[in-house]
Protein chains: 2
Amino acid sequence: MNSNSAFKALADPTRREILAMLRNGEMTAGALAGRFDMTKPSMSHHFAVLRDAGLVTSRREGQQIWYGLNTTVVQDLTAWAMDLLKDNRHPKGKRS
Amino acid sequence: MNSNSAFKALADPTRREILAMLRNGEMTAGALAGRFDMTKPSMSHHFAVLRDAGLVTSRREGQQIWYGLNTTVVQDLTAWAMDLLKDNRHPKGKRS
DNA sequence: CATCTAATTAGATAATTGTCTAAATATAGG
DNA sequence: CCTATATTTAGACAATTATCTAATTAGATG
């Protein structure tokens with residue numbers, strides 16, 4: 001499966017926080033990094049993991065790089081989790 | 001956060017497959033292990049991770065241990081993912 | 001109680017990961 | 001072209017993790 005990288009990306013609390021912040025719109029690498037008690041290279045690493053997993057988009061604008069939430073992949077993850085909740089015990093005639 | 005262990009549990013593909021199988025109802029440790037190309041101790045380790053994360057329930061019945069999906073925690077994860085999709089850019093008057 | 005089956009625990013090991021510091025790249029503006 | 005700012009890349013290191021084999025626990029049954 002390809003979304004394995006997305007699940008692995010979500011395993012880190014810092015990365016989940018980053019995603020939560022991006023819910024309010026795009027942010028630059030620097031602005032994001034400034035919100036965490038962690039060095040910029042470490043944050044940069046987290047950005048790369050999120051980008052490689054397809055969870056965020058990135059674009060350079062001058063000296064800065066803007067990161068944004070990629071809702072498509074988040075939707076896939078949501079669908080996966082919701083699927084788990086669909087009772088599959090009687091696969092023929094859904095309604096018990 | 002406490003659900004950190006749940007996210008970490010989901011990071012492994014074998015564990016995600018286990019959860020998917022439990023969608024069809026409870027299974028014994030042995031029955032589950034039989035479905036994977038992996039030793040029983042390794043599988044047992046994955047069961048423990050899932051149980052510690054609250055993603056599965058377990059109960060002994062004689063010699064066997066039955067594992068089942070804990071939908072409550074799965075619901076929490078679903079809610080977290082869906083929250084990410086709610087646009088929060090204009091927090092006062094929700095409807096753009 | 002001896003033994004069989006089901007499952008876990010213990011302990012080792014290789015691979016992956018998260019973090020850091022130092023160095024490099026990229027862009028903007030004198 | 002030099003310097004300042006923004007960000008990433010490189011390389012090292014400690015911690016965590018996934019897996020294995022061997023040993024152990026727990027229950028059933030003759």
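Keep in mind that what you see is a predicted model, and the values were worked out from it rather than measured. All heavy atoms count here, side chains included; hydrogens, waters and symmetry mates do not. Chain identifiers are assigned alphabetically (A, B, ...) following the order of the sequence lines, protein sequences preceding nucleic acid strands; residue numbering begins at 1 within each chain.
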Residue pairs involving residues 52-70 of chain A (criterion salt bridge (charged side-chain N to carboxylate O under 4.0 Å, His left out); sequence neighbours excluded):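 Residue pairs passing salt bridge (charged side-chain N to carboxylate O under 4.0 Å, His left out), neighbours aside: A/Glu26-A/Arg59, A/Arg59-A/Glu61.
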Pair listing, ring pair (Phe, Tyr, Trp, His ring centres under 6.0 Å) test, anchored in residues 36-65 of chain A, at least two apart: A/Phe47-A/Tyr67
Residues touching DNA chain D, which here means a heavy atom under 4.0 Å, drawn from residues 22-36 of chain A: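 A/Thr28, A/Ala29, A/Gly30 - these, ordered by number, are the residues of the stretch whose heavy atoms sit under 4.0 Å from the strand.
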Phosphate OP1/OP2 of D/dA6: any A/Tyr67 side-chain N/O under 4.0 Å: no
Selection: residues 50-58 of chain B, any non-hydrogen atom under 4.0 Å of DNA chain C: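 The answer is none.
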Side-chain donor-acceptor pairs under 3.5 Å in residues 71-78 of chain A, sequence neighbours left out?
| residue | atom | partner | partner atom | Å |
| --- | --- | --- | --- | --- |
| A/Thr72 | OG1 | A/Asn70 | OD1 | 3.3 |
| A/Thr78 | OG1 | A/Val74 | O | 2.8 |

CE/B/Met82: more than 12 non-hydrogen atoms of other groups inside 6.0 Å: no
Set of residues satisfying salt bridge (charged side-chain N to carboxylate O under 4.0 Å, His left out) with respect to A/Asp83, sequence neighbours excluded: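 For A/Asp83, the residues satisfying salt bridge (charged side-chain N to carboxylate O under 4.0 Å, His left out) (neighbours in sequence not counted) are A/Lys86.
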Could you go over nucleotides 12-20 of chain C and give all protein N or O partners under 3.5 Å, atom names and distances?
| residue | atom | partner | partner atom | Å |
| --- | --- | --- | --- | --- |
| C/dT17 | OP1 | A/Lys8 | NZ | 3.3 |
| C/dG18 | OP1 | A/Arg15 | NH2 | 3.0 |
| C/dG18 | OP2 | A/Arg15 | NH1 | 3.2 |
| C/dT19 | OP2 | A/His46 | NE2 | 2.4 |
| C/dC20 | OP2 | A/Thr39 | N | 3.2 |
| C/dC20 | OP2 | A/Thr39 | OG1 | 3.0 |
| C/dC20 | OP2 | A/Ser42 | OG | 2.7 |

Partners meeting side-chain hydrogen bond (donor to acceptor under 3.5 Å, both in side chains) with A/Asn24 (sequence neighbours left out): B/Asn88
Where at least one partner belongs to residues 27-41 of chain A, residue pairs that pass side chain to side chain donor-acceptor pair (under 3.5 Å), sequence neighbours excluded: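 Pairs touching residues 27-41 of chain A that pass the test: A/Thr39-A/Ser42.
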Please list, for nucleotides 24-30 of chain D, all pairs of protein and nucleotide N/O atoms separated by less than 3.5 Å.
| residue | atom | partner | partner atom | Å |
| --- | --- | --- | --- | --- |
| D/dG27 | N2 | B/Gln63 | NE2 | 2.8 |

